[in-house]
There are 2 protein chains.
Amino acid sequence: MTDTHAPTSALDQMLCFEIYSTEHAFGRLYKDLLQPLGLTYPQFLVMILLWEQDGRSISGIGAALGLESNTLTPLVKRLEAAGFVTRSRDKQDERRVLVSLTETGDAMRHQVGHIRACVTRATGMTEQELLDLFSNLRKLRKAVAAA
Amino acid sequence: MTDTHAPTSALDQMLCFEIYSTEHAFGRLYKDLLQPLGLTYPQFLVMILLWEQDGRSISGIGAALGLESNTLTPLVKRLEAAGFVTRSRDKQDERRVLVSLTETGDAMRHQVGHIRACVTRATGMTEQELLDLFSNLRKLRKAVAAA
DNA sequence: TGCGATTTAATCGTGTGCGATTTATTTTGC
DNA sequence: GCAAAATAAATCGCACACGATTAAATCGCA
């Protein structure tokens, strides 16, 4: 990974690029960590939601992740093809597709502990630093999303 | 845009998701701002580099952005097709492809001022807050990239 | 000098993201 | 009760990102 980054003169450009770039850095880190499980990072996010509450609808997952059916439908189909979830129509509302964990998918929750530890370690930051950064990013995201 | 985000319990997961999500928020903001110019955000980054120093190689651009030829080659070809740049082999080293601004591409530098202003305004943060956030993200990115 | 190693782009396949549209289902307004 | 509006997924097309591979040019070193 290079250390030479866009020498832009203005702060707004620098900050956007830094976020863009940090996102890629996390993506590469997660790719290596999730490879053994057969998951991508967006797929991992969906699994986290299902481990927390199973049987969510596509739109429910989308609301939580900020994604829409055009992204989630094929993603969930790949999770289904991999044998981690099943998809079924909601009996109460046939428009909805409910995503449920298979036994295999449910059992994976026990394998992610060390991934979390690796990520935390990789940040090299204290809990307080992580909390501050999280809080500032949250504020920034909300402002940008509202614009 | 929703405000309900993944209620993960752990800090590492929350922070990664916040970066993932903030990156998307900026992506959507830039999409609207860059649409009139006919540029995507990654294409805009390449243009910024060329406005600063014209005639860079694919690998030079890649080193600055943390991308490789498999991403940049088609991206630059799209910039060429749009009439913003030209591509030519380096006479000194025929392996290299040099990317140069066309008159149209060069003239676009004068149209981006208001985009920068919009982005800065959209962050809703003071210069000092932006500086601090930038600095913390930079530290985080370096740590994660090194892991 | 010459040949193997390295560097540089390009190419291919897979997986997101998202705008726009389509289809099926449910809700609503009258 | 029924047509119109709204909602939920799915589909299509385009543009990144990246791992893996390939082809061409250059370099390094005996």
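This structure is a prediction, so every number in the text was calculated from the model and none was measured. Naming convention: chains lettered A, B, ... in sequence-line order (proteins, then strands); numbering from 1 in each chain.
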* Hey, quick one: are B:Leu50 and B:Leu34 part of the same hydrophobic cluster, counting side-chain heavy atoms closer than 4.5 Å, chains of contacts allowed? -> yes

* Structure fact -> So CD of A:Glu23 and SG of B:Cys16: to nearest 0.5 Å the spacing works out to 9.5 Å

* Asked: To the nearest angstrom, how far is A:Tyr41 atom OH from D:dG19 atom C1'?
  -> 21 Å

* Expressed in angstrom and rounded to an integer, what is the separation of A:Glu68 atom CD from C:dT16 atom P? -> 16 Å

* With a 4.5 Å heavy-atom cut-off, do A:Ile19 and A:Leu140 have their side chains touching? -> yes

* **Between P of D:dA17 and CD of B:Glu23, the distance in whole Å** => 7 Å

* 5'-most by nearest nucleotide on DNA chain C - A:Lys91 or B:Asp32 -> B:Asp32

* Map every base of DNA chain D to its dot-bracket character, where paired means a Watson-Crick or G-U wobble contact with both distances under 3.5 Å and | marks a partner outside the strand. => ||||||||||||||||||||||||||||||

* Asked: So does A:Thr40 get a side-chain nitrogen or oxygen closer than 4.0 Å to the phosphate oxygens (OP1/OP2) of C:dT16?
  -> yes

* Asked: Would you say B:Gln43 reaches D:dA15's phosphate, i.e. side-chain N/O to OP1/OP2 under 4.0 Å?
  -> no

* Structure fact -> Comparing A:Gln35 with A:Thr71, nearest DNA chain D nucleotide closer to 5' gives the residue A:Thr71

* To do: Using a 4.5 Å cut-off on heavy atoms from C-beta on, say whether the side chain of A:Leu137 contacts that of B:Leu15.
  => yes

* To do: Measure from OH on A:Tyr30 to P on C:dT16 and round the result to the nearest Å.
  => 15 Å

* Nearest heavy atoms of A:Met47 and A:Met108, plus distance in Å -> CE-SD, 4.2 Å

* To the nearest Å, how far apart are A:Glu80 CD and D:dA9 C1'? -> 14 Å

* What is the distance from CZ of B:Arg28 to P of C:dG17, rounded to the nearest Å? -> 10 Å

* Nearest-angstrom distance from the residue atom NE2 of B:His24 to P of D:dA15 -> 18 Å

* To do: State which of D:dA17, C:dT25, D:dC18 makes the closest approach to the side chain of A:Tyr20.
  => D:dA17

* Answer yes or no: is there a side-chain heavy-atom contact under 4.5 Å between B:Leu79 and B:Leu39? => yes

* Structure fact -> For nucleotides 3-10 of chain C, 5' to 3', base contacts (B), sugar-phosphate-only contacts (S) and non-contacts (-) with protein non-hydrogen atoms under 4.0 Å give ----BSBB

* Asked: How close or far is atom P of C:dG17 from atom CZ of B:Phe26, stated in whole angstroms?
  -> 18 Å

* Minimal non-hydrogen separation, A:Gly83 against A:Thr104, with atom names -> O-CB, 3.8 Å

* When A:Tyr20 is tested against each of B:Phe44, B:Phe26, B:Tyr41, B:Tyr20 for ring-ring contact (aromatic ring centres under 6.0 Å, His included), which residue passes? -> B:Tyr41

* Asked: Are the side chains of B:Ile115 and B:Leu37 in touch, meaning some heavy atoms are under 4.5 Å apart?
  -> yes

